[in-house]
Amino acid sequence: MTKQQIFAAAHKLAKTFEGNYSACFSLALKMVYKEMNETKEVIALKQWFINKHEDKFILEVSTFEIKKETEKAYQLTANSKYGVITLWAPKSVCLDHAEYCAEQNAKFDRYDAIIKFAKDNGVKGVRNRMKLKTVLAKIEAAGLKFVA
């Protein structure tokens with residue numbers, strides 16, 4: 001955001017306030033700067049995007065820092081003990097803490113649903129903490145199909 005855009009937004013916001021205009025403008029300017037500096041913190045990237053990248057191991061164990069931002073993408077610096085990578089990533093594949101937790105919880109919920117389905121349908125040899133592929137193979141071997 002350029003200075004001209006910042007001040008224009010602050011003037012527009014200050015006109016909605018009542019009272020001394022210079023005090024209102026000062027408050028509006030602080031609000032615009034605060035809003036401008038609140039950028040999304042990137043904790044992780046979606047797995048399909050990491051798998052497409054040639055340095056996928058580094059991306060899986062990295063911490064991310066946003067260097068630049070456009071309307072649709074972030075320029076990220078991925079820091080890890082194995083190296084530093086700079087890359088552009090679409091905003092749609094960047095996950096903040098809440099999104100990452102939600103994605104992980106969805107994976108766990110799906111796993112629990114598959115285990116419950118197998119146990120409810122009497123699939124032999126299924127227990128908790130089995131690998132997902134193994135459970136799905138046992139379900140298929142029993143002639144069933146899990147649809148979530």
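The chain is numbered in sequence order, starting from 1.
- Taking the side chain as every heavy atom from C-beta outward, I66 and Q75 never approach each other to under 4.5 Å.
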Before giving the answer on side-chain contact (heavy atoms from CB on, under 4.5 Å), spell out for L87 and L59 the whole-Å C-alpha distance, their side-chain angles and the decisive distance to 0.1 Å. CA-CA 10 Å; L87 72 145; L59 292 178; 3.9 Å; yes
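- Following chains of ILVMFWY side-chain contacts shorter than 4.5 Å, one can reach Y21 starting from I6, so the two form part of one hydrophobic cluster.
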Start with the C-alpha distance between N79 and F64, add both sets of side-chain angles, then the distance that settles side-chain contact (heavy atoms from CB on, under 4.5 Å), and finish with yes or no. CA-CA 6 Å; N79 299 309; F64 298 99; over 6 Å; no
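- For the pair L132 and R110, the tightest heavy-atom approach, listed with the atom from each and the gap, is CD2-NH1, 3.7 Å.
- Within a 6.0 Å radius of CZ in F25, more than 12 heavy atoms belonging to other residues, nucleotides or ligands are found.
- Each of W88 and V84 belongs to its own hydrophobic cluster when Ile, Leu, Val, Met, Phe, Trp and Tyr are linked at side-chain heavy-atom distances under 4.5 angstrom.
- Contact check on E140 versus K138 returns no salt bridge, with no Lys/Arg side-chain nitrogen under 4.0 Å from an Asp/Glu carboxylate oxygen.
- Note: S62 OG to K81 NZ = 11.5 Å, rounded to the nearest 0.5 Å.
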Verify side-chain contact (heavy atoms from CB on, under 4.5 Å) between F117 and K145, making sure each step is shown before the conclusion. CA-CA 10 Å; F117 173 81; K145 184 165 178 87; over 6 Å; no
From CA spacing to verdict: salt bridge (Lys or Arg N to Asp or Glu O under 4.0 Å), E69, K91: CA-CA 9 Å; E69 179 180 3; K91 288 183 178 180; 2.8 Å; yes
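- If you take NE2 on H11 and OG1 on T16, they are separated by 13.0 Å, rounding to the nearest 0.5 Å.
- The two residues C94 and E99 come nearest to each other via the heavy atoms O-OE1, 3.3 Å.
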Stepwise salt bridge (Lys or Arg N to Asp or Glu O under 4.0 Å) test for K56 and E54: CA-CA 6 Å; K56 71 180 192 175; E54 61 189 28; over 6 Å; no
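- Closest non-hydrogen pair, I58 versus S80, comes out as CG2-OG, 3.5 Å.
- Side-chain atoms of N20 come within 3.5 Å of backbone atoms of S22 as a donor-acceptor pair (strictly under, hydrogens ignored).
- With hydrogens and angles ignored, the 3.5 Å screen pairs no side-chain donor or acceptor of Q104 with any backbone N or O of C101.
- Here the straight-line distance linking atom CD of E41 with atom CG of D96 works out to 8.0 Å at 0.5 Å rounding.
- In terms of hydrophobic clustering, with Ile, Leu, Val, Met, Phe, Trp and Tyr side chains grouped at heavy-atom distances under 4.5 Å, L95 and I85 are assigned to different clusters.
- The distance from the CG atom of N121 to the CD1 atom of I139 is 8.0 Å, given to the nearest 0.5 Å.
- Rounded to the nearest 0.5 Å, atoms CD1 (I115) and CZ (F146) are 10.0 Å apart.
- Shown here for E60 and I50, the closest heavy-atom pair between the two residues is CG-CG2, 3.7 Å.
- Between K46 and E103 the shortest side-chain heavy-atom distance falls below 4.5 Å.
- Shown here for L76 and V42, the closest heavy-atom pair between the two residues is CD2-CG2, 4.0 Å.
- W48 and F57 fall within a single hydrophobic cluster, where Ile, Leu, Val, Met, Phe, Trp and Tyr are joined by side-chain heavy atoms under 4.5 Å apart, directly or via other members.
- Looking only at distances, a side-chain donor or acceptor of Y111 sits under 3.5 Å from a matching main-chain atom of R129.
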May I have the step-by-step check of side-chain contact (heavy atoms from CB on, under 4.5 Å) for K119 and N128, ending in yes or no? CA-CA 10 Å; K119 287 182 177 181; N128 289 335; 3.7 Å; yes
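- Hydrophobic clustering keeps V93 apart from I43 (ILVMFWY residues linked when any side-chain heavy atoms are closer than 4.5 Å, directly or through intermediates).
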